[in-house]
Undergrad: 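Sharing a structure here in structure tokens format.
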2 protein chains.
Amino acid sequence: MVKCLYGHVMKNSSAELTHEAGTWPAPQNKRQAILNAAADVFAEQGFAGASIDAIAARAGVSRQTIYNQLGDKDNLFKVVVSEITDRSSAGFFRVLDTFPVAPQDLETELALFSAQLLRKALCDPNGRWLRKLVETEGARFPELFETWKEYGPGKKYPAIAARLAQLAHAGYLDIDDPGLAARQYMALLATDLRYDQQIGRQTPESEIDRMASDATRTFLRAFARKR
Amino acid sequence: MVKCLYGHVMKNSSAELTHEAGTWPAPQNKRQAILNAAADVFAEQGFAGASIDAIAARAGVSRQTIYNQLGDKDNLFKVVVSEITDRSSAGFFRVLDTFPVAPQDLETELALFSAQLLRKALCDPNGRWLRKLVETEGARFPELFETWKEYGPGKKYPAIAARLAQLAHAGYLDIDDPGLAARQYMALLATDLRYDQQIGRQTPESEIDRMASDATRTFLRAFARKR
DNA sequence: AACATTTTGGACACAATTGTCCAATTGGTC
DNA sequence: GACCAATTGGACAATTGTGTCCAAAATGTT
């Protein structure tokens, strides 16, 4: 039950990252260990339920080190969210670069892209925890919520909409409202993730391809250009 | 320490059956006031963050009354979830009775039904809080989670699937997998609720009809029987 | 080896919370 | 008015968590 997001990379990789271009005078190793552990504990316990001691224990550092490096609990939370926001956003846009803008076989290629999106972005523990964290604690950290909005849904949905509009313009799709189509595409893609989450089931990797093709098939039945 | 879900809860539950009131306030007895307040505070603050004092203050009762009527915090939480599960489930099935099984104008009538479902079931604060509560604290109360699963998604999705299969059998729809169609229908229906929730926006009542017709249109574009 | 910087663990004050006990008060009922 | 149950508020011990201080130890640098 107790797992660290990135396994146990925190032990000894001192030789490589010590002289990174980072502006941090402190070693990055413990800091990353703390942030990963904090992400776990915050996601599991919520903000109020996550104790600094639990985070310290899971990170394998002393409690004092957390205060030294990251200040108080509020700030720790903010840093965790902003770090994970960055990672998650980067993953999404890396996948988005593979969007099939001029496909030979639209359904096949869109299903492949959808599977990648599910795997690398929507299923990604980082992203899911982030969503849960922000959903749960957003009211308590308004400015944090703004950042998340701006870099999360605020950029992802328009990006998807733009690609769909591109496909429509190229004659593949028949779309009135690209924004709506993007939201519905994402909703269809997340259909079973959401369902599984509601019944407390962890979606197995083996079902991702089926989910992607189910969503793609329905989406294209609705939006593929008829001839 | 962990007792049965319906353990010593039976204090008043048989005495008063008239908690039908469609409107939120005006709880006749203190027990209902406590449960409503507790639902608010638990949903806002999470389990760990919700203090008994805060709940008592919002309910307008003394802290001791909560302990008298509902026992400790764990049990209070369980009772809150089970009460709201009942209400939410009842609302859903009341709407489900209006499903258009033999429509004259499928799109119009299905859109009307969808709007009712959004209004009475998916948008309902009770249901949304419940979902959030269970999602956040499900790991801490496994047996509670089982109950929620059984009376929540476990009954709702098959019920929707059955209605859709009925429509398909009657020649209105072209559906291979009714279960998948039901999940996708619900996903499309909740598209903008989910989006709004992600960007921290409270979906205004005025948009529900549009959301219902958007979802219905796309669903029927994908599943309406062609001829 | 000598130095600088982190890290550590333990102690501490302080605040919040839980759950209990109890005496006083309220409100309804006969 | 008298009785009875529910309610109230206050005090209480026990626990838990936050954030700080500090001296000893570990770690890395020159």
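This one's a predicted model, so the numbers in the text were calculated from it and none came from an experiment. Chain letters run A, B, ... following the sequence lines, proteins first and then strands; every chain starts at 1.
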Undergrad: Return the nearest nucleotide to the side chain of B/Tyr67; candidates are C/dT18, C/dT7, D/dT8.
TA: C/dT18
Undergrad: Going by an N to O cut-off under 4.0 Å, is there a salt bridge joining A/Asp124 and A/Arg128?
TA: no
Undergrad: Rounded to the nearest angstrom, tell me the gap between atom CG in B/Asp72 and atom P in C/dT18.
TA: 11 Å
Undergrad: According to a strict under-4.0 Å criterion, is B/Gln69 in side-chain N/O contact with OP1 or OP2 of D/dT7?
TA: yes
Undergrad: Please give, in whole Å, the distance from D/dT27 P to A/Asn29 CG?
TA: 13 Å
Undergrad: Of the nucleotides D/dT18, D/dT8, C/dT8, which one has an atom closest to the side chain of B/Val61?
TA: D/dT8
Undergrad: In terms of side-chain geometry, is the basic nitrogen of B/Arg58 or B/Glu44 positioned less than 4.0 Å from the acidic oxygen of its partner?
TA: yes
Undergrad: Whole Å only: how far is the CG atom of B/Leu70 from the P atom of C/dG19?
TA: 13 Å
Undergrad: Send over the distance from B/Ile52 CD1 to C/dT20 C1', rounded to a whole Å.
TA: 13 Å
Undergrad: In whole angstrom, what separates B/Gln64's CD from C/dT26's C1'?
TA: 16 Å
Undergrad: Specify the separation, in whole Å, of atom CG of B/Leu76 and atom P of C/dT18.
TA: 10 Å
Undergrad: What's the CG-P distance between A/Asn68 and D/dA26, to the nearest Å?
TA: 18 Å
Undergrad: Would you call B/Arg183 and A/Asp214 a salt bridge, using N to O less than 4.0 angstrom?
TA: no
Undergrad: Taking OP1 and OP2 of C/dG9, is either one under 4.0 Å from a side-chain nitrogen or oxygen of A/Ser62?
TA: no
Undergrad: Without decimals, in angstroms, what is the distance between A/Gln45 CD and D/dT18 P?
TA: 12 Å
Undergrad: Is the base of C/dG9 touched by the side chain of A/Arg63 through a donor-acceptor pair closer than 3.5 angstrom?
TA: no
Undergrad: Are the charged groups of A/Lys78 and A/Glu137 less than 4.0 angstrom apart, N to O?
TA: no
